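A short worksheet on the structure shown next.
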Number of protein chains: 2
Amino acid sequence: MSESKIRNMEELASVSGISRPTLSKYFNDPESVRASTRKKVEAALETYDYQPNIYAMNQNRRLTKNIGIVVPYLADPFFAEIARVIENLVIQGGFRPILLSSHGGTGQEIENLDSLRSIRPAGVLLAPLGRNSDVAAIERFCADVPTVLFDNSIGDLGEAFFGLDNPQSIKMMVNYLHETGEPPIFFEMRTPTNPNAYKRRNAYIESMEALDLEPKLIQIEGDTWDFEDIGYRGGLEAIRTRQLTTDTVLCSNDRLAIGFLAAAYECGLRVGSGTGCALRVAGHDDHPYARFTCPPLTTVAQDYSAIATRSVEAILKLIESGERAEQRDTTLFEGTLIKRASA
Amino acid sequence: MSESKIRNMEELASVSGISRPTLSKYFNDPESVRASTRKKVEAALETYDYQPNIYAMNQNRRLTKNIGIVVPYLADPFFAEIARVIENLVIQGGFRPILLSSHGGTGQEIENLDSLRSIRPAGVLLAPLGRNSDVAAIERFCADVPTVLFDNSIGDLGEAFFGLDNPQSIKMMVNYLHETGEPPIFFEMRTPTNPNAYKRRNAYIESMEALDLEPKLIQIEGDTWDFEDIGYRGGLEAIRTRQLTTDTVLCSNDRLAIGFLAAAYECGLRVGSGTGCALRVAGHDDHPYARFTCPPLTTVAQDYSAIATRSVEAILKLIESGERAEQRDTTLFEGTLIKRASA
DNA sequence: ATCACAATTTTACGCGCGTAAATATTTTAT
DNA sequence: ATAAAATATTTACGCGCGTAAAATTGTGAT
């Protein structure tokens, strides 16, 4: 609490007895100055509240303290959650997170990258749209800015990638469903925007074949990010046109599953593994709402805390070292089976 | 597409034949220069891609082109959606949106405001936490920065407020439920973080009394933003301890209702208005997921497009005029009844 | 006490742009 | 055509800070 507010570093220098360049050094990294001077600065800071002009700082620094975070669709609670965790980790690391959502649109994704470029971030954490991404644009961006990809991989772009081991998680789920009842049919979008979706499809087919079972796919139309709605419409049609050749449905992700459950409900199909149930439904991702569907959704949980932590660690290390990875480092985490009432 | 990239406005001036101060004027507002010069600038911009250094710009401008957007909880799809609409409107208005979430925490809300203050935004759109907000801190912020509140009102803070007419919407829902079946009991948090929740409680009581009915409240514990979980736990307890003195439950918001539906399902209570149903459940807000609950949730839709549009219009007008409102302007929008299968 | 070394201060310049005032030019109205 | 008004240019300075180089001071070990 001070009566006379400090306007700039110059003034802080005169009242603290520390020279302006040293103050500049302190604000860039408090650990880089002698402990005794650090104390003096912090004492002055207590009485004279001041914080450096962020624009002047960023204009002149070689590297800003900004870290961009781009997610494909922030209205999806899954990405909202992972973004929140990442934001906190970035702040803990002494950087300033800039969160942007691509809202499911290619144009928006490019705009986000352009927007980030203009603020000269020290690094970027990018969960790309996937199929709809402008690969060339992303490649150019990665060449300019140290970028770590997560959730969704695109080729071998970026310095590192952290995501889910889809083959493992899908195989686990297929095996579980097979062991506890009829083998599953796979419910998915025909042309998903998400590369993970293709990996899951292939993983499903391979897992079924490994069990000497015939893979069966229900491939629904839709190319937006309104997965619940797509799952609902596709579910209605699949049920009404009797495409369900088994009583067990494995949905490519939880949001589709939520829509499918609504369709099943509307058609009077009771979902669950108990007697009196017509259908078992499983999802994938352990979406925040999966616990609260009726019935609660059996699914595979992603360790998004690990994905977030490791992604942030990777980008911080890249920034600190100032080097680029000579080769992209890919890390896949295993999923965890979450058994609930739906299957 | 150019071979030689432009590094700064000076260089652009020399290649375009327009003086740097005029270019500066152009970038601040393209309409402020003569049409013929504008053409010249834009022609040069096509061949020499360049964009002004955002830090140098913001450092020196009286007012930045930044507009802060603060929502209480971005992992709630409702806020994610409204934030998205607002972001687009802000961009259309020629400003740069900075989206921040308070993640349900008082500390985070204050940090967000501090963070915004440090980037000297031209204006801020704030949906406050409510009860948990540091009113004094927000008041100080509003004194410094033109701020429009939305969704949640705090006293008469801000230059304007746009939100829902809770008394109208709740009354409409109570009347509907009463006309079509038993009068509703009100399911809510005992000490909600959200002022709207208090308004809804009072509106419920008044609406019931206006119908000569006795208002009944189920008030559950919980002080986080995990409304689904709170609704689920509270619902389980309410059902098991037989607090439901009527077959109709009006939940204070959709997220609580989603949790309540999960509890009802677990207890084997069939929800809906048809025969064979034990319970009718209604929500409030028309949450993006409300269409996909089982059964689909009867609720009240907020016109969040109107809230977003009017809020942005208000802040843009404030910025343009450079004046402050002599008195806060409060606008409430009516809700729309959304009849689905749950009640 | 002496030396070697690290940290700080001093001095000075630059970043890219906003902005103001005076001047010159163009446009519009008469 | 001419004057008046609008717009552009020139010139100059400042914003708040980063950073480099040289000079100075402080630190720690011998």
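Below, chain A is the first sequence line, B the second, and so on; all start at residue 1. From a predicted model like this one, the values you see are computed outputs, not experimental measurements.
Residue B/N53 places its side chain closer to C/dC17 than to any other of C/dC17, D/dC17, C/dT19. For A/M57, the side-chain atoms get nearest to D/dC17 when compared with the rest of D/dA8, D/dC17, D/dG14. When each of D/dT9, D/dT19, C/dG16 is scored by its nearest atom to the side-chain atoms of A/P21, the top-ranked nucleotide is D/dT19. In the set D/dC17, D/dG18, C/dT8, the nucleotide with an atom closest to the side chain of A/V33 is C/dT8. You'll find that the side chain of A/N8 is closest to D/dG16, out of D/dA8, D/dG16, C/dC17.
Using a 4.0 Å cut-off, no side-chain N or O of A/S24 falls inside it from OP1 or OP2 of D/dC17. Close to C/dT8, at under 4.0 Å from its OP1 or OP2, lies a side-chain N or O of A/R34. Residue A/T22 places at least one side-chain N or O closer than 4.0 Å to OP1 or OP2 of C/dT9. Between B/S19 and D/dT10 there is no side-chain polar atom (N or O) within less than 4.0 angstrom of OP1 or OP2. In terms of phosphate contacts, A/Y50 brings a side-chain nitrogen or oxygen within less than 4.0 Å of OP1 or OP2 of D/dC17.
In this structure, B/R61 atom CZ and C/dG16 atom P are separated by 17 Å, rounded to whole Å. The CG-C1' distance, from B/L12 to C/dG16, rounds to 13 Å in whole Å. Distance B/Y26 OH to C/dC17 P: 14 Å, rounded to the nearest Å. A/N60 has its CG atom 9 Å from the C1' atom of C/dG16, to the nearest Å. Following rounding to the nearest Å, A/R62 (CZ) and C/dG14 (C1') show an atom-to-atom distance of 12 Å. A straight line from CD of A/Q59 to C1' of D/dC15 spans 9 Å, rounded to a whole angstrom. Between A/F27 atom CZ and D/dG18 atom P there is a gap of 9 Å when expressed in whole angstrom units. Between A/N58 atom CG and D/dG18 atom P the separation is 9 Å, expressed in whole Å.
Look at B/K317 and B/E320 and you find no salt bridge, because none of the NZ, NE, NH1 or NH2 atoms lies under 4.0 Å from a carboxylate O.
Atom CZ of A/R324 sits in a crowded spot, with more than 12 heavy atoms from other residues, nucleotides or ligands closer than 6.0 Å.
With hydrogens and angles left out, the side-chain atoms of A/Q92 and A/N88 include no donor and acceptor closer than 3.5 Å.
Projected onto DNA chain C by closest heavy-atom contact, A/S32 and B/L63 fall at different nucleotides, the more 5' of which corresponds to A/S32. Nucleotides of DNA chain D nearest to B/S36 and B/A56 differ in position, and the one nearer the 5' end is that of B/S36.
At a cut-off of 3.5 angstrom, counting only N and O atoms as typed in the model, there is no donor on one side facing an acceptor on the other between the side-chain of A/R20 and the base of D/dG16.
A/E109 and A/D134 get closest at one heavy-atom pair: OE1-N, 4.3 Å.
Taking the six-membered ring where the residue is Trp, the centroids of B/Y304 and B/F150 are separated by 6.0 Å or more.
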- Query: Between A/T64 and A/R96, is a side chain to side chain donor-acceptor pair (under 3.5 Å) present by the stated rule, with each step listed?
  - Reply: CA-CA 9 Å; A/T64 68; A/R96 187 187 181 90; over 6 Å; no
